[in-house]
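Take a look at the structure set out below.
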Amino acid sequence: MSDIVNITASGRLGRDAEVKQTSAGAVLSWTMACDAGKKGDDPLWIRCSLFGKRAEGGLTQHMTKGTRVVVTGKLSVRTYEKDGETKTSIEVLANDVALVGSKSEGGGDAK
């Protein structure tokens, strides 16, 4: 089951973004931590993907661990079974990515 909605989310990259070439073209992937709301709550981790020509551009070199970004795109939430447990996967299929700042520039969006 998959529900798709439009979303704008901000957070910090949990690792450097990676570009992979597929038969359909380039895919830029990263994971970001978003503030879960209340102080002390664990961050919400969201996988993100950007496809096509924009994934091949120079964006990758700026998307390093700790960089704060704002992503707009389609939110895909799906559930699946693994080892008898129901799991949830959250991914943003990005239309737009804006670099907001590096880890050293502060900000309190995500941990």
Side-chain angles (χ1 to χ4, degrees):
M1 178 178 181
S2 177
D3 297 321
I4 299 179
V5 296
N6 292 318
I7 185 171
T8 299
S10 65
R12 293 198 184 278
L13 272 64
R15 59 180 166 83
D16 294 353
E18 296 179 49
V19 176
K20 293 182 181 172
Q21 294 296 327
T22 68
S23 59
V27 179
L28 177 62
S29 301
W30 67 95
T31 303
M32 62 187 235
C34 300
D35 188 357
K38 290 194 259 176
K39 191 170 186 156
D41 284 351
D42 289 336
L44 175 63
W45 287 94
I46 300 175
R47 292 180 303 120
C48 302
S49 299
L50 180 67
F51 300 90
K53 292 284 185 191
R54 297 183 59 219
E56 297 171 358
L59 188 59
T60 307
Q61 67 187 358
H62 302 290
M63 294 185 66
T64 57
K65 182 177 180 177
T67 300
R68 187 169 169 223
V69 297
V70 175
V71 178
T72 303
K74 301 279 185 191
L75 179 67
S76 175
V77 179
R78 64 182 179 88
T79 58
Y80 60 95
E81 294 287 327
K82 182 177 180 182
D83 300 328
E85 284 188 53
T86 301
K87 304 281 186 174
T88 302
S89 174
I90 301 170
E91 182 173 9
V92 175
L93 307 175
N95 294 324
D96 190 39
V97 180
L99 302 174
V100 180
S102 67
K103 186 173 185 178
S104 63
E105 292 173 355
D109 242 44
K111 300 172 188 173

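- The cluster map of Ile, Leu, Val, Met, Phe, Trp and Tyr, joined by side-chain heavy atoms under 4.5 Å apart, puts Leu44 and Val5 in the same cluster.
- Side-chain contact check for Leu59 versus Leu99: some heavy-atom pair is nearer than 4.5 Å.
- Under a 3.5 Å cut-off, the side chain of Arg54 and the backbone N or O of Asn95 do form a donor-acceptor pair.
- Residues Met32 and Val92 form no side-chain contact, since every pair of their non-hydrogen atoms from C-beta on lies 4.5 Å or further apart.
- Side-chain contact between Ser29 and Lys20 is absent, with no heavy-atom pair separated by less than 4.5 Å.
- A pairwise comparison of heavy atoms in Thr60 and Leu28 identifies OG1-CD1, 3.4 Å as the closest pair.
- Heavy atoms only, all atoms of each residue included: Trp30 and Ala94 are closest at CH2-CB, 4.2 Å.
- Side chain of Asn6 to backbone of Lys74: no donor-acceptor contact under 3.5 angstrom is found.
- For the pair Ser10 and Val100, the minimum side-chain heavy-atom distance is 4.5 Å or more.
- Closest approach of His62 to Thr67, counting heavy atoms only: O-OG1, 3.5 Å.
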- request: Evaluate side chain to side chain contact (heavy atoms under 4.5 Å, CB included) for Thr86 paired with Glu81, printing each intermediate quantity in order.
  value: CA-CA 5 Å; Thr86 301; Glu81 294 287 327; 2.7 Å; yes

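- Here the shortest heavy-atom pairing between Gly14 and Trp45 reads CA-CZ3, 3.6 Å.
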